[in-house]
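The structure appears below as structure tokens.
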Amino acid sequence: MLKVENVSVNYGAIKALQNVSFQINQGEIVALIGANGAGKTTILNTISNIVPSVGGKITYLDKEITKLPPHEIVKLGISQVPEGRRVFAKMSVLENLEMGAYTRSDNEVASDMEKIFQRFPRLNERKKQPAKTLSGGEQQMLAMGRALMSRPKLLLLDEPSMGLAPMLVEQIFQIIQEINASGTTILLVEQNANMALSIAHRAYVLETGEVVLQGDAKELASNPEVRKAYLGE
Ligand code: ATP
């Protein structure tokens with residue numbers, strides 16, 4: 001579904017990604033794990049073309065998207081939930097969700113909104129509240145709901161567990177699995193490698209801008225090197 005080939009990204013003199021290649025098949029949850037600063041967020045921003053790559057190629061559903069503007073990429077079905085949620089603080093929950101549908105011109109926006117409220121009943125209870133008054137977990141749900149409003153085929157999730165209590169992390173990961181089960185392919189960036197590998201089908205390990213390991217998520221989770229470096233053993 002998505003193929004990233006030999007992509008490099010520089011921020012001035014900093015080489016954030018070096019010849020990164022990986023692929024995502026339709027229906028999968030693929031996890032990207034790695035330490036702080038390994039380049040995980042940069043990969044998501046490069047797929048969305050918020051950050052330009054130098055060299056390399058990104059193909060989505062057999063179409064090259066490397067140089068497309070971000071809104072065109074959203075229109076094609078790729079939506080990103082940014083690190084730190086970045087909800088529109090002063091807007092209500094409802095308005096934030098409407099913003100997620102801004103690239104759409106069909107007449108099913110209202111019924112999709114209802115589906116979001118069924119998936120996230122907490123957002124339904126807080127429809128009229130400004131987003132800034134929501135708790136961290138609720139803001140994560142809103143950011144995910146907003147992304148889903150664009151009807152993505154591929155959802156890019158950046159650190160959904162960040163700053164959340166363990167019980168909420170469980171809940172968010174449960175919802176990620178449900179979203180995947182209902183047909184959305186997922187690329188999941190996580191510092192919480194344990195949780196990420198527990199729900200992913202496959203995973204890539206990133207170190208200082210390079211893919212150093214890849215494979216079946218369960219196999220990686222039992223790999224002694226991975227356990228020592230990323231799973232706190
Ligand atoms: P984290 O989990 O801490 O967010 P990450 O794996 O997502 O880390 P990135 O945010 O992609 O890592 O950063 C990769 C490298 O690029 C880091 O060394 C970071 O300091 C650097 N970097 C990221 N954004 C910029 C920027 N806008 N300008 C300069 N350097 C940047």
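These figures come from a predicted structure and were not determined experimentally. Counting starts at 1 for both ligands and their atoms, in listed order.
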Strictly under 4.0 Å, does any heavy atom of A35 approach an atom of ligand 1? yes
Is the shortest distance from a heavy atom of G39 to ligand 1 less than 4.0 Å? yes
Would you check if the side chain of E138 reaches a backbone N or O of S135 as a donor-acceptor pair within less than 3.5 Å? yes
Test item: N6 side-chain N/O and V20 main-chain N/O as donor-acceptor pair under 3.5 Å: no
Closest approach of any protein heavy atom to [atom], naming residue and atom:
| atom | value |
| --- | --- |
| atom 2 (O) of ligand 1 | Q191 NE2, 3.0 Å |
| atom 31 (C) of ligand 1 | Y11 CD1, 3.2 Å |
| atom 3 (O) of ligand 1 | N36 OD1, 2.6 Å |
| atom 17 (C) of ligand 1 | G37 O, 3.7 Å |

Decide whether L2 and I33 are clustered together by the hydrophobic rule: side chain heavy atoms of Ile, Leu, Val, Met, Phe, Trp, Tyr closer than 4.5 Å, transitively. no
One residue to check: I14. Relative to ligand 1, which of side chain, backbone, both or neither has a non-hydrogen atom less than 4.0 Å away? side chain
Atoms of ligand 1, numbered as shown, that sit under 4.0 Å from any heavy atom of [X]:
| X | value |
| --- | --- |
| A16 | 16 (O) |
| T42 | 9 (P), 11 (O), 13 (O), 14 (C) |
| E159 | 2 (O) |
| K40 | 2 (O), 5 (P), 6 (O), 7 (O), 8 (O), 11 (O), 12 (O) |
| T41 | 4 (O), 5 (P), 7 (O), 10 (O), 11 (O) |
| E83 | 4 (O) |

Can you see which heavy atom on [X] is nearest to which on [Y], and at what distance?
| X | Y | answer |
| --- | --- | --- |
| G145 | L97 | C-CD2, 3.4 Å |
| L154 | L187 | CD1-N, 4.2 Å |
| K57 | V7 | N-CG2, 3.8 Å |

Whether R202 engages the ring of F22 as a cation-pi pair (distance to the six-membered ring centre under 6.0 angstrom, angle to the ring normal within 45°) should be assessed. no
For a side-chain hydrogen bond (donor to acceptor under 3.5 Å, both in side chains) with N45, tell me which candidate from Q80, E83, K40 qualifies. Q80
Between K218 and D216 (salt bridge meaning N to carboxylate O under 4.0 Å), is one present in this structure? no
So, for atom 19 (C) of ligand 1, does the protein have a heavy atom nearer than 4.0 Å? no
Might you check, step by step, whether the distance between atom 24 (N) of ligand 1 and some protein heavy atom is under 4.0 Å? yes
Within the 4.5 Å heavy-atom criterion, are S53 and V9 side-chain neighbours or not? yes
